[in-house]
Number of protein chains: 2
Amino acid sequence: MDTKTKILNAAEILFAEKGFTATSLREITSDAEVNLAAVNYHFGSKKELIKALMKRYLDQLSPVLVSSLVKVNEQTQKPTLEQVFTAFVEPLLSLNAYRQNGTSIFLQLLGRSYTDSQGFLRWFITTNYPGIIDNFVTAVHRAYPELSTEDIFWRLHFTMGTAVFTMSSTGALIDIAENDFGEKVDVAGVIYRIIPYVAAGVGAPISRV
Amino acid sequence: MDTKTKILNAAEILFAEKGFTATSLREITSDAEVNLAAVNYHFGSKKELIKALMKRYLDQLSPVLVSSLVKVNEQTQKPTLEQVFTAFVEPLLSLNAYRQNGTSIFLQLLGRSYTDSQGFLRWFITTNYPGIIDNFVTAVHRAYPELSTEDIFWRLHFTMGTAVFTMSSTGALIDIAENDFGEKVDVAGVIYRIIPYVAAGVGAPISRV
DNA sequence: TGTCATTTTAAACGCATGTTTTAAAAAATA
DNA sequence: TATTTTTTAAAACATGCGTTTAAAATGACA
């Protein structure tokens with residue numbers, strides 16, 4: 001395995017666990033068993049490493065997800081919100097074949113990228129992968145045409161929060177669920193539990209405040 | 001104003017804006033116009049300062065919030081989920097009378113405390129203010145008795161994720177909303193937008209997977 | 001095999017962090 | 001007022017950070 005990949009593989013786990021700022025290059029290179037300077041040699045800087053990491057996942061996910069959303073938009077005149085959100089499941093879980101715990105790691109990284117760094121990664125994602133957001137918004141709009149653009153904006157962010165927050169503590173939650181309810185759950189199980197929740201949330205009646 | 005208060009007032013703003021790790025004691029003491037060593041003298045450490053900060057808010061909020069939830073449980077035989085979540089609004093907004101932008105600052109700090117630090121504040125809150133969670137779960141159970149304990153567990157966690165994630169990025173979101181839609185939103189506006197969402201999410205039909 | 005470019009290595013740089021120390025100043029107490 | 005306690009002040013400390021440097025090792029290719 002080449003040095004670049006070793007760094008990426010070690011970095012994604014640490015970043016997902018502890019966040020970008022709380023993870024040092026020394027930890028990463030130590031776990032990856034490469035020299036400290038290798039990060040700056042191969043990626044230029046820590047910031048560029050983070051970008052490369054997200055790119056590796058997004059390049060994998062984006063085409064699959066976009067085509068899944070396009071399919072929903074083409075096949076159904078007026079999809080249900082459950083159908084829209086279910087379109088995420090298979091593409092997201094396909095990341096598990098790509099990398100071990102890929103789904104969980106990616107969602108955690110996504111969450112970190114929103115809260116940790118002051119929005120530079122947010123910009124990176126939205127400008128480089130507009131197809132995801134566009135097709136998603138379109139699908140939601142078709143499923144619930146009465147929702148205004150603002151409503152969609154806010155409710156999609158709430159949904160993002162639900163997914164990201166849940167995934168970042170999935171390990172602990174799965175343990176609790178098993179201890180307290182004797183219920184065995186895995187990442188896929190959690191995703192299937194989230195869908196009715198977010199579908200109902202996005203589909204909530206429009207409130208007149 | 002005494003040194004302790006000056007530090008707390010300066011710290012809460014910086015912490016809410018940038019997170020705990022990204023804010024240095026030198027920034028805080030500079031803004032507060034006190035000596036650098038004052039933090040460690042008065043609070044012992046940065047960690048204790050953060051705890052003191054959360055305590056100042058939670059001591060203010062907790063009794064009001066608990067009594068608001070108790071009122072819902074006592075006054076209505078079977079409250080709606082909207083009623084349950086609406087019970088949070090007034091207590092939260094009352095923090096604005098307590099400190100300028102108190103609601104926003106507190107919610108952002110709460111969000112930071114879940115994602116930034118590795119759960120020590122999470123423990124601090126749940127162990128020191130159990131009345132909030134207990135009364136909340138009771139209210140949800142009365143509003144939707146068909147929900148199993150597992151379902152409540154998962155859905156309340158999703159709800160927490162929605163709130164926490166949204167609040168920790170409220171600043172950025174409000175800016176985007178204004179730029180993209182020319183829509184001026186404040187914290188109260190965000191809270192009122194969240195309520196229908198989480199109420200519908202928790203109230204979603206029980207899915208048989 | 002010798003030459004050149006690429007990659008790895010160890011060390012150091014400059015800087016920022018939380019914390020501690022030591023002494024002076026202020027406030028409280030008697 | 002004299003003495004003790006609390007608070008401020010400036011400086012230094014120890015540590016960890018991202019990054020850079022310069023030499024050594026490795027690889028590709030004529």
Side-chain angles (χ1 to χ4, degrees), chain A residues 1-56 109 112-113 115-124, chain B residues 1-56 108-109 112-113 115-124 168:
Chain A
M1 196 189 306
D2 67 339
T3 304
K4 259 179 124 162
T5 310
K6 280 201 271 188
I7 292 173
L8 287 172
N9 291 354
E12 68 172 19
I13 293 171
L14 289 168
F15 280 148
E17 266 176 9
K18 320 173 32 170
F20 300 120
T21 54
T23 302
S24 71
L25 296 185
R26 282 167 179 82
E27 283 180 89
I28 293 170
T29 52
S30 169
D31 276 23
E33 292 177 319
V34 302
N35 190 271
L36 167 62
V39 170
N40 283 279
Y41 176 76
H42 285 286
F43 297 96
S45 68
K46 188 181 182 179
K47 227 174 193 174
E48 290 298 323
L49 167 63
I50 297 172
K51 273 197 208 172
L53 205 46
M54 295 309 289
K55 182 171 156 45
R56 193 167 70 147
L109 290 176
R112 300 288 186 189
S113 77
T115 53
D116 256 45
S117 51
Q118 301 88 348
F120 95 93
L121 246 169
R122 182 208 177 83
W123 164 87
F124 174 75
Chain B
M1 196 191 308
D2 67 340
T3 304
K4 259 178 124 162
T5 309
K6 280 201 271 187
I7 292 173
L8 287 172
N9 291 354
E12 66 172 19
I13 293 172
L14 290 168
F15 281 148
E17 266 176 10
K18 320 174 28 170
F20 299 119
T21 55
T23 302
S24 70
L25 296 183
R26 281 168 179 81
E27 284 180 89
I28 294 170
T29 52
S30 169
D31 276 24
E33 293 178 318
V34 302
N35 190 269
L36 167 62
V39 170
N40 283 280
Y41 175 76
H42 285 286
F43 296 96
S45 68
K46 188 181 183 180
K47 228 173 194 175
E48 290 297 323
L49 166 63
I50 297 173
K51 272 197 209 171
L53 207 44
M54 294 308 290
K55 184 171 155 42
R56 193 168 68 149
Q108 285 182 254
L109 290 177
R112 301 284 187 195
S113 75
T115 52
D116 255 44
S117 52
Q118 302 86 348
F120 96 92
L121 246 169
R122 182 204 182 91
W123 164 88
F124 175 75
S168 63

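By convention in this document, chain letters (A, B, ...) are assigned in the order of the sequence lines, proteins followed by strands, and residues within each chain are numbered from 1. Computed from a predicted structure; not experimentally measured.
- You'll find that the side chain of B/N35 is closest to D/dA9, out of C/dT7, D/dC17, D/dA9.
- Put simply, CG on A/L36 is 12 Å from C1' on C/dT8, counting in whole angstrom units.
- Within a 6.0 Å sphere centred on NZ of B/K6, heavy atoms belonging to other residues, nucleotides or ligands number more than 12.
- B/T23 comes within 4.0 angstrom of sugar-phosphate atoms only, judged by non-hydrogen atoms across all strands, and of no base.
- When distances are taken from the side chain of A/H42 to each of C/dT8, C/dA12, D/dT8, the shortest belongs to C/dT8.
- Side-chain contact between B/L8 and B/H42 is absent, with no heavy-atom pair separated by less than 4.5 Å.
- Using a 4.0 Å heavy-atom cutoff across all strands shown, B/A37 reaches at least one base atom of the nucleic acid.
- Protein atom CD1 of A/I28 is 11 Å distant from nucleotide atom P of D/dT19, rounded to whole Å.
- B/M1 has its side chain within reach of B/N9: a pair of non-hydrogen atoms, C-beta onward, lies under 4.5 Å apart.
- Distance CD (B/E48) to P (C/dT20): 12 Å, rounded to an integer number of Å.
- Residue B/S24 places no side-chain N or O under 4.0 Å from the OP1 or OP2 atom of C/dA16.
- Contacts between residues 1-14 of chain B and DNA chain D, defined by a heavy-atom separation below 4.0 Å, involve B/T3, listed by number.
- What separates CG of A/L25 from P of D/dT20 is a distance of 12 Å, to the nearest Å.
- Side-chain contact check for A/F43 versus A/K4: some heavy-atom pair is nearer than 4.5 Å.
- When the side-chain nitrogen and oxygen atoms of B/N40 are compared with OP1 and OP2 of C/dT19, one or more of them lie within a distance under 4.0 Å.
- Taking atom CZ on A/F20 and atom P on D/dG18, their separation rounds to 13 Å, with Å as the unit.
- Distance A/K18 NZ to D/dG16 C1': 12 Å, rounded to the nearest Å.
- Atom CG of A/L109 sits about 8.5 Å away from atom CZ of A/F15, to the nearest 0.5 Å.
- A/F43 places its CZ atom 11 Å from the P atom of C/dT8, with the value rounded to the nearest Å.
- At a cut-off of 3.5 angstrom, the base of C/dG18 holds at least one donor-acceptor pair with the side chain of B/R26.
- A distance-only check finds no donor-acceptor pair linking the side chain of B/E48 to the backbone of B/S45 [under 3.5 Å].
- The distance between atom OH of B/Y41 and atom C1' of C/dT21, rounded to the nearest whole Å, is 15 Å.
- In this structure the side chain of B/N40 reaches within 4.5 angstrom of the side chain of B/L25, judged on heavy atoms.
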